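Accompanying notes for the structure given below.
This is a predicted model, so every value here is computed, not measured. Heavy-atom basis, side chains included; hydrogens, waters and symmetry copies ignored. Residues: numbered from 1 along the sequence shown.
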Amino acid sequence: MDKSKRPFLKFKRSFRRRLPPIQSGDRIDYRNMSLISRFISEQGKILSRRVNRLTLKQQRLVNLGIKQARILSLLPFLNNEKQFERTESTARTTGFKARNK
């Protein structure tokens, strides 16, 4: 068969099925800090359901657990380990031209 007349064939990609991040015996609770800390970013934000690969019910329970842990001060609201520092290149005065009247 000629290459130009060959029908378009879709090849199935083989993929490795990933294990769920929460096992059936795991308890989603504010006291389970080892589990909850996996679903928080470095900045302290709650990661989305798509990133976590959780079901809707699991994501709701994780959100609730994280918020309860924050209120009980088991988790920080923000992770301020990295202080914001200004460098000379980001200063506001660079590129500013003084007007002469």
Side-chain angles (χ1 to χ4, degrees):
M1 200 177 205
D2 206 11
K3 281 189 179 181
S4 62
K5 299 196 180 202
R6 188 178 299 171
F8 181 71
L9 298 174
K10 288 187 179 180
F11 293 102
K12 290 185 179 180
R13 291 183 185 173
S14 63
F15 64 94
R16 183 176 162 219
R17 188 177 175 106
R18 293 187 179 186
L19 296 173
I22 296 178
Q23 303 300 327
S24 59
D26 286 342
R27 205 169 167 187
I28 305 172
D29 201 358
Y30 68 92
R31 293 173 281 179
N32 194 351
M33 295 303 297
S34 61
L35 179 72
I36 284 180
S37 60
R38 289 192 291 183
F39 304 111
I40 298 177
S41 69
E42 292 178 1
Q43 296 140 357
K45 295 180 180 179
I46 300 172
L47 295 174
S48 69
R49 183 179 154 221
R50 181 173 47 94
V51 174
N52 289 337
R53 302 184 318 269
L54 295 175
T55 64
L56 184 61
K57 190 173 184 179
Q58 289 172 337
Q59 181 70 21
R60 284 184 185 147
L61 289 172
V62 166
N63 283 348
L64 189 67
I66 290 171
K67 290 176 183 180
Q68 286 176 345
R70 284 176 175 168
I71 290 170
L72 294 171
S73 64
L74 299 173
L75 279 176
F77 279 91
L78 293 174
N79 192 2
N80 292 331
E81 289 179 4
K82 295 179 182 178
Q83 295 295 326
F84 297 108
E85 297 177 8
R86 273 197 161 177
T87 59
E88 293 177 16
S89 62
T90 59
R92 290 183 181 184
T93 57
T94 55
F96 179 72
K97 293 183 180 180
R99 283 196 241 166
N100 294 332
K101 288 186 178 181

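A distance of 9.0 Å separates CZ in R49 from CZ in R60, rounded to the nearest 0.5 Å. Taking CG from L54 and CD from Q59, the interatomic distance works out to 5.5 Å, rounded to the nearest 0.5 Å. Separating the OH atom in Y30 from the CG atom in L64 is a distance of 11.0 Å, to the nearest 0.5 Å. Atom CG of N52 and atom CD1 of I46 lie 9.5 Å apart (nearest 0.5 Å).
For L47 against S41, the heavy-atom pair with the smallest separation is CD2-CB, 3.8 Å. Contact record, R70 with F77: O-CE1, 3.5 Å, taken as the closest heavy-atom pair.
Within the structure, every pair that satisfies the salt bridge (charged side-chain N to carboxylate O under 4.0 Å, His left out) test and touches residues 28-40, not counting sequence neighbours, is listed here: D29-R31.
Side-chain atoms of Q68 never come within 3.5 Å of backbone atoms of G65 as a donor-acceptor pair (strictly under, hydrogens ignored).
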Exercise. Before giving the answer on side chain to side chain contact (heavy atoms under 4.5 Å, CB included), spell out for M33 and L74 the whole-Å C-alpha distance, their side-chain angles and the decisive distance to 0.1 Å.
Key: CA-CA 8 Å; M33 295 303 297; L74 299 173; 4.1 Å; yes

Exercise. Let me see the working for I28 and F39 under side chain to side chain contact (heavy atoms under 4.5 Å, CB included), right down to the final yes or no.
Key: CA-CA 11 Å; I28 305 172; F39 304 111; over 6 Å; no

Exercise. Please report the C-alpha distance between Q23 and D26 in whole Å, then the side-chain angles of each, then the deciding distance to 0.1 Å, and finally whether the side chain to side chain contact (heavy atoms under 4.5 Å, CB included) criterion is met.
Key: CA-CA 5 Å; Q23 303 300 327; D26 286 342; 3.7 Å; yes

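Neither L35 nor V51 shares a network with the other; the hydrophobic side chains, linked directly or stepwise wherever heavy atoms of I, L, V, M, F, W or Y lie under 4.5 Å apart, form separate groups for each. Two different hydrophobic clusters hold L56 and I36 under the rule that ILVMFWY side chains link at heavy-atom gaps under 4.5 Å.
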